[in-house]
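Just below is one structure, and these are the notes that go with it.
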Amino acid sequence: MIKAQITDEKLNEHLKTLPKDDMAVFVMAEGRVRGALFHGTRFVNQMRYQHKTGILETMVLGQASLCGALLLPTMKGREHVTWRYEIDGPAQGFSVEADSSGYVRSYLFTDVIPVEKPLENWDLSPFLGKGTLSMATMHEGDREPYTSSVAVDSRNIALDLAYYFDQSEQIQTAFNTGIQMDREGRIIGAGGMFLQVLPETGGQFKGVQKLGSQINTSGDKKTDTELIDRLELAFKTAPSLGQWFSEKGTLEDIIYGLFREFKPSIASHRDVRYDCPCSRESYVDYIKRLPKAELEDMRTNGPDPLEVVCRNCGSVYKIPLSDIL
């Protein structure tokens, strides 16, 4: 990837005052609950500068990319996930890829989301709609990905992703994302969080329930219901994550403060980056393998240099024909 430079001096000065981007993976409630909290202000800004997105486009793709980052702690071993969200609303949808090595890349299906009237708030539901959410998962050694999909219509990216886990993966998960902008449209804070409640089964965790589920394999349904009710209350009373991180809030204060009654413990920290494995060399190699007729047409009609744009990260590669033919 050709890393786009953030050129807004005021934004750069603000970013210098914030804690570094970081993801904390934690457990609580005596191991019954696991989750992750991600500070991704620089992450979302990098996404925006890569794709040169407008304000509305940034809000949609930013929320999707934060959710993509939150998929990383759910992966086991070497794994790569491609999440496609195809809807009938003006936003049309997006593709997000997350790799267990720690990178996320993404793109919108439309460059500009049409707006019929001035926005009064950041409710994205008018721009989303009914459609399909699909997830393609590749593990190390797989010849092809395993793909599953569900129909979605909540007009909410986080809720639709949670619904997918419930219906397709039988892993019920709660997501929360937030992006804070200043009056000039700069992203000054961004983050995301997810929680999973694991059923108690003889001391081993063999499944995941979502917040609001009342399933308990140990038979104590009342205890599980009380736990989930308390977790839901804490989850719903979380501050706006975008505003929290814009004001220099820390991961620890939310995890140990918001969930203190569940005695949380941070198990690990993860570096997450908005990045793409594309390269000039890979595109040159691909173009060289095109049919001879296409290569001959390039030689005759150009253009020279070729301009190749990576849709996943917005990188622009200018490749002279002399490097190909």
Side-chain angles (χ1 to χ4, degrees), residues 1-24 36-72 83 85 91 94-99 101-108 110-113 119 122 124 127 157-158 175-194 239-251 254 269-278 309-316:
M1 183 179 87
I2 301 174
K3 186 176 181 180
Q5 298 301 308
I6 298 175
T7 55
D8 187 320
E9 294 184 5
K10 186 174 181 179
L11 175 58
N12 278 320
E13 288 302 313
H14 172 71
L15 294 177
K16 290 177 183 178
T17 69
L18 301 182
K20 69 174 185 176
D21 279 16
D22 188 18
M23 177 181 287
L37 180 61
F38 176 42
H39 171 211
T41 304
R42 296 169 185 83
F43 171 90
V44 177
N45 271 292
Q46 191 65 52
M47 177 217 78
R48 185 182 197 179
Y49 271 76
Q50 291 297 139
H51 290 287
K52 301 179 177 62
T53 50
I55 290 178
L56 178 57
E57 293 78 14
T58 297
M59 294 298 289
V60 173
L61 191 59
Q63 288 193 25
S65 300
L66 288 168
C67 283
L70 292 170
L71 296 177
L72 293 173
W83 164 30
Y85 189 78
F94 51 76
S95 174
V96 177
E97 293 183 41
D99 190 87
S101 63
Y103 77 78
V104 175
R105 62 181 186 174
S106 58
Y107 66 92
L108 290 169
T110 179
D111 292 333
V112 178
I113 301 173
L119 300 180
W122 287 119
L124 298 179
F127 306 100
I157 294 169
F175 290 88
N176 178 17
T177 61
I179 298 173
Q180 182 75 20
M181 291 187 176
D182 66 11
R183 293 180 180 274
E184 287 75 39
R186 299 182 182 89
I187 303 167
I188 56 174
M193 176 170 60
F194 87 95
S240 164
L241 295 178
Q243 182 178 352
W244 175 264
F245 291 121
S246 75
E247 297 173 351
K248 308 178 182 60
T250 68
L251 300 172
I254 287 186
H269 288 265
R270 291 207 58 170
D271 290 327
V272 182
R273 63 193 184 280
Y274 194 87
D275 203 355
C276 180
C278 70
V309 181
C310 177
R311 66 178 181 178
N312 290 294
C313 69
S315 296
V316 179

Checklist entry - Tell me, do L18 and F245 make a side-chain contact under 4.5 Å, heavy atoms counted? => result no
Item to check | Working for side-chain contact (heavy atoms from CB on, under 4.5 Å), residues W122 and I179 | outcome: CA-CA 10 Å; W122 287 119; I179 298 173; over 6 Å; no
Checklist entry - Tell me, do V44 and M59 make a side-chain contact under 4.5 Å, heavy atoms counted? => result no
Item to check | Min side-chain heavy-atom separation F43-V104 under 4.5 Å | outcome: yes
Checklist entry - Rounded to the nearest 0.5 Å, what separation is found between the CD atom of E9 and the OG1 atom of T7? => result 9.0 Å
Checklist entry - Does a side-chain N-to-carboxylate-O contact under 4.0 Å join E13 and K16? => result yes
Item to check | Inter-residue atom distance E57.CD - K52.NZ, 0.5 Å rounding | outcome: 14.0 Å
Next on the checklist: Has T17 got a side-chain atom pairing as donor or acceptor with H14's backbone, closer than 3.5 angstrom?
Outcome noted: yes
Next on the checklist: The test is side-chain contact (heavy atoms from CB on, under 4.5 Å); show your working for I188 and T41 and say whether it passes.
Outcome noted: CA-CA 7 Å; I188 56 174; T41 304; 5.9 Å; no
Checklist entry - Would the number of heavy atoms belonging to other residues, nucleotides or ligands and lying under 6.0 Å from CG of D111 be above 12? => result no
Checklist entry - Quick one: are E184 and M181 in side-chain contact, heavy atoms under 4.5 Å? => result no
Checklist entry - Just wondering, do Y49 and L11 contact through their side chains at under 4.5 Å, heavy atoms? => result yes
Next on the checklist: Rounded at 0.5 Å granularity, tell me how far CG in D182 sits from CD1 in I187.
Outcome noted: 10.0 Å
Checklist entry - Is there side-chain contact between L108 and H51, with heavy atoms separated by less than 4.5 Å? => result no
Checklist entry - Which heavy atom in D22 sits nearest to a heavy atom in H269, and how many Å separate them? => result OD2-ND1, 2.7 Å
Item to check | Nearest-0.5 Å distance, CZ of residue F127 to CG of residue L56 | outcome: 5.0 Å
Checklist entry - Any side-chain heavy atom of F194 sitting closer than 4.5 Å to one from T177? => result no
Item to check | Qualifying residues under side chain to side chain donor-acceptor pair (under 3.5 Å), relative to R273, sequence neighbours excluded | outcome: D275
Checklist entry - With no hydrogens and no angle check, is any side-chain donor or acceptor of N12 less than 3.5 Å from a backbone partner on I6? => result yes
Checklist entry - Among all residues two or more places apart in sequence or in another chain, which pass the side chain to side chain donor-acceptor pair (under 3.5 Å) test with T53? => result T58
Checklist outcome for this item: Residues G68 and A98: closest non-hydrogen pair is O-CB, 3.6 Å
Checklist entry - Would you find a donor on one side and an acceptor on the other, under 3.5 Å apart, between the side chain of S106 and the backbone of V96? => result no
Checklist entry - F94 vs Y85 aromatic rings, parallel, tilted or perpendicular, using cut-offs 30° and 60°? => result parallel
Next on the checklist: Minimum heavy-atom separation for S101 and R270, please, with both atom names.
Outcome noted: C-NH2, 4.2 Å
Checklist outcome for this item: For L66 and A190, the nearest pair of non-hydrogen atoms, with its separation, is CD1-CB, 4.4 Å
Checklist entry - Which distance, rounded to the nearest 0.5 Å, do you find between the CG of L15 and the NZ of K20? => result 15.5 Å
Next on the checklist: Quick one: does any side-chain atom of N312 pair with a main-chain N or O of R105 as donor and acceptor, under 3.5 Å?
Outcome noted: no
Item to check | Whether W244 side chain and T250 backbone form a donor-acceptor pair below 3.5 Å | outcome: yes
Checklist entry - What pair of heavy atoms forms the shortest contact from W83 to A64, and how long is it? => result CZ3-O, 3.4 Å
Next on the checklist: To the nearest 0.5 Å, what is the distance between SG on C310 and OH on Y107?
Outcome noted: 9.5 Å
Checklist entry - Can you name the nearest heavy-atom pair linking R186 to R48, along with the distance? => result CA-NH1, 4.1 Å
Checklist entry - Taking Q50 for the side chain and A4 for the main chain, is one N or O donor matched with an acceptor at less than 3.5 Å? => result yes
